[in-house]
4 protein chains.
Amino acid sequence: MGEIVGNADIDACEDLLEGLRRGRPAAGQDPVKRSQIIDGARRVFIEKGFEAASMNDITREAGVSKGTIYVYFANKEELFEALIEEERGTIFKNMYDMLERADDLRQTLIKFGKVLSMKITSARVIQAQRTVIGASDRIPDMGARFYERGPKRGHDKVVTFLNAAIERGLLEIEDVDLAAYQFTELCLAGLFRQCIFAYRTKAPTQDEIDHIVRSGVDMFLKAYGTERLAEGEKTLHSS
Amino acid sequence: MGEIVGNADIDACEDLLEGLRRGRPAAGQDPVKRSQIIDGARRVFIEKGFEAASMNDITREAGVSKGTIYVYFANKEELFEALIEEERGTIFKNMYDMLERADDLRQTLIKFGKVLSMKITSARVIQAQRTVIGASDRIPDMGARFYERGPKRGHDKVVTFLNAAIERGLLEIEDVDLAAYQFTELCLAGLFRQCIFAYRTKAPTQDEIDHIVRSGVDMFLKAYGTERLAEGEKTLHSS
Amino acid sequence: MGEIVGNADIDACEDLLEGLRRGRPAAGQDPVKRSQIIDGARRVFIEKGFEAASMNDITREAGVSKGTIYVYFANKEELFEALIEEERGTIFKNMYDMLERADDLRQTLIKFGKVLSMKITSARVIQAQRTVIGASDRIPDMGARFYERGPKRGHDKVVTFLNAAIERGLLEIEDVDLAAYQFTELCLAGLFRQCIFAYRTKAPTQDEIDHIVRSGVDMFLKAYGTERLAEGEKTLHSS
Amino acid sequence: MGEIVGNADIDACEDLLEGLRRGRPAAGQDPVKRSQIIDGARRVFIEKGFEAASMNDITREAGVSKGTIYVYFANKEELFEALIEEERGTIFKNMYDMLERADDLRQTLIKFGKVLSMKITSARVIQAQRTVIGASDRIPDMGARFYERGPKRGHDKVVTFLNAAIERGLLEIEDVDLAAYQFTELCLAGLFRQCIFAYRTKAPTQDEIDHIVRSGVDMFLKAYGTERLAEGEKTLHSS
DNA sequence: CATGAATGAGCCTTCATTCAT
DNA sequence: CATGAATGAAGGCTCATTCAT
């Protein structure tokens, strides 16, 4: 057959062809199309919930044919899970960055609390959470998986942060795990349930969040702050 | 078969049946039957969620015919709403009683906090809340209505309670509304989200709740308690 | 509740109601509707084969709604199997009656052979057999079941019949089972394969079958007939 | 990526590939590729039947692209027909060779009967026949064409053979056409229908076929053999 | 008035075929 | 000219709702 042609030549040739094929990715491999589908799916799933969303709706919204969706995702559930996974990634991405570099404790807590509160109560994130909760009857573990890889990881980072502050002598906490939950809840005081039940139809304003988070951090530090923290803060203020 | 039986006989027979059900209420008015339907619906909706529950399931579970259900409830959604309304009533019934008679502040807060936390995280109530949240894309305002008539009213009662305590000089709170939310959240620290996302598959234990509520009340009183409260508590303890 | 009413009365009353309910059979129990569905299914399945027949076609042909079909039959396969079962019953019903009362052996064989040959090569039966064969990739055992309860039973009856003739000293056969197959095949000589492959588009004529069966019976008796048979036949003719 | 590669390079590359396939035939004309497709199609069609076989399966099995298949065959049906045509050729090829050179009549019939019976009841051939029968509702005339060019031609050869034997004074047959069918059927006694309905799941054994064919040939010769045949056979045996 | 058999729109999914690359 | 990603009609089946009994 091709024995007269060196392998190197063939390889080179195939590379060439590969290059030329650019723009026709393998089935189920085109990341652009994948995104397109997930974007359509997001709009439909988030608006209608898992069950009420029909693959036809998604087809229409995504602008691809039904067959194509099924090349990229084995079925409705997998499409939904992929969407939720992506969503989870987006939501919690960078959320905990500021806990890495800790200067002033109170300011850090306030800044983090605001970001946390704002993200979690943003219209889109609330919708996503609602959808996950609603689908978890149908897809068991989906909610658990979401929580584990999202909120749980965040919680762990808060624990680590608090431990660092304890080490620095700024906090004195018996049950750090509980304290981390308390902190988070204080930052969300009332907001999460209001939003998730759609009692609030809009995300809270920046001012509301400011007010809530400040009050929450005050409370938290009054409860767990050491004298050294108080001194540090005085210094900080006087400076 | 039936042809040999005269009409008189049939009438007699029907009268008998009628008699057994003495005073048959107008269509869709019999509260017993209504309850029967809602009870069946509850079992099915709570177990399967709104979409997955079929009217046939409910029919079977309730022991009434499909036609009858449709006399009492215009459609699946209305039946679900009625169920949720009832459920809401049951859940929040008596929950705030102990806020009426306030003796020792700390003890009252702890007792109330425990009841609140236990109720809201109980398997059944979590399931109900999940179902409401899941269905709220389908039935707008359903979640809002649920929140408004349930958690919101409870919140208002807490506000009233706190105001009373302020009046008695036991607490000093700038933003009572916020404080009420903070209190509630501290009692639930972490639990609500864990349960609603099915990360926790079982309701928290009595001990867990004890621990969380105590810690939360401590924090709350450390933040908002007045000197008079402290004195009162000392007295209480010394006595 | 009804304790004041004797059980006898209630029973009587229910019987009455039952009588009145005549004409509204339970779901999936109305034999008329069942027949209606099977009749529609027959037309469609037989015309198009199992796969190509769509439930929509059957719906249309049977004049019932899709839902109704699924009340009577769990799925397409079960409907098909029910149809085939019925068809099998119809086909082989009474086919072997004349083997029961055996007078003149040759005449009996000829009469039976004709019936057999005519039935099996009739347009409708051929179609049914084709459909079964075509579906047996999808529904394993279906063909086997059909054969077992149809042709196989017939074969057994032929065996019994031949054994009786042997007992009467009319036949002498080493392998009766094989002889029974031989007899059947001789009666169908060429016809079955021609029909099943639709090489013949019409059923064979009466004359063709006459000719084939006579020739086959001659052959069969020449091979297996005893002297006593020959004598008996001479007598029969001379008389 | 590919932009940096000049057209000249690409052309060179393509020439290379072209060179490797020296003498590329016109579209849909390469017999090697055609065979490749049909081979893949055979495996799939025979295993799954016409409807259940998907063009994707065939694509995979044949190792060619879908587009290519559609260059060689207008659609699924035509591909199937081509396959069956080929299969038919293979099945009946050489089957009738031994009827050409006739020495001892009985031995020839036995040898031929065995080959016939074995071929027609072999798993593969039965599968093929089932597939044809199953598809013949879909593709009219397919079965007829198969029969005409396969079994029918075989039948004609048997007729010719029998006529030769008659000429040689070995047989005395009124209706040679019928006799040919009778002979064939006797060789298959019971087997064909058992196999085609999948009542038998395995091909008959060599011994079974031996037994059946011998018995069939006996019967056939007892019915149609002349005295000269009997003498000839005696001679044969005594020698 | 209760009943539950019947309805049929709509669901998710498959796959023969086309056509841009 | 081969390729295989994309298409979308059509498939089997479910279930909220209706209406004759």
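Just so we're clear, the structure is a prediction, and the values are computed from it rather than from any experiment. Chain naming here is simple, since letters A, B, ... match the order of the sequence lines and numbering starts at 1 in each.
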List in chain and number order the residues that pass salt bridge (charged side-chain N to carboxylate O under 4.0 Å, His left out) with B/R138, two or more places apart in sequence or in another chain; answer none if no residue qualifies.
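For B/R138 the salt bridge (charged side-chain N to carboxylate O under 4.0 Å, His left out) partners, ignoring immediate neighbours, are B/E51.
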List in chain and number order the residues that pass salt bridge (charged side-chain N to carboxylate O under 4.0 Å, His left out) with A/R42, two or more places apart in sequence or in another chain; answer none if no residue qualifies.
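A/R42 satisfies salt bridge (charged side-chain N to carboxylate O under 4.0 Å, His left out) with A/D39, A/E86, A/E87 once adjacent residues are dropped.
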Holding to side chain to side chain donor-acceptor pair (under 3.5 Å), I want the full list of residues that pass it with [X], two or more places apart in sequence or in another chain.
X     : result
A/E85 : A/R88, A/R149
D/T68 : D/S65
D/E47 : none

Would you kindly give the [atom1]-to-[atom2] distance between [X] and [N], to the nearest whole Å?
X     : N      : atom1 : atom2 : value
C/K76 : F/dA10 : NZ    : P     : 15 Å
D/I69 : F/dC1  : CD1   : P     : 19 Å
A/F73 : E/dT14 : CZ    : P     : 15 Å
C/D30 : E/dG4  : CG    : C1'   : 14 Å
A/L79 : E/dC11 : CG    : P     : 15 Å
D/Y70 : E/dC19 : OH    : P     : 13 Å
B/R34 : E/dA2  : CZ    : P     : 15 Å

Mind checking side chain to side chain contact (heavy atoms under 4.5 Å, CB included) for [X] and listing every partner two or more places apart, or none if nothing turns up?
X      : value
B/N56  : B/S54, B/R60, B/K66
A/D141 : A/R145
B/E78  : B/A74, B/N75
C/A53  : C/V44, C/F45, C/K48

Within 45° cone and under 6.0 Å: D/K33 NZ/CZ vs D/Y72 ring:
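Cation-pi check for D/K33 and D/Y72: fails.
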At less than 4.0 Å, is any side-chain N or O atom of C/Y72 found next to OP1 or OP2 of E/dA5? Yes or no.
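C/Y72 to E/dA5 OP1/OP2: no side-chain N or O under 4.0 Å.
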If you pin D/N75 and A/E77 to their nearest nucleotides in DNA chain E, which one's is more 5'?
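Looking at the nearest nucleotide for each, A/E77 comes out on the 5' side.
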Find the bend of the helix from E/dA2-F/dT21 to E/dT21-F/dA2 as the angle between its two terminal axes (five pairs each), to the nearest 10°.
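It works out to 10° between the end axes.
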May I ask you to list the residues of residues 45-53 of chain B, by number, that have any heavy atom positioned under 4.0 Å from an atom of DNA chain E?
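Under 4.0 Å from DNA chain E: no residue of residues 45-53 of chain B.
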Going by heavy atoms closer than 4.0 Å, what residues in residues 54-67 of chain D are next to DNA chain E?
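Within this stretch, D/S54, D/M55, D/K66 sit under 4.0 Å of the strand.
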Separation between OG1 of B/T131 and CE of B/M142, rounded to the nearest 0.5 Å
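So the gap between those two atoms works out to 10.0 Å.
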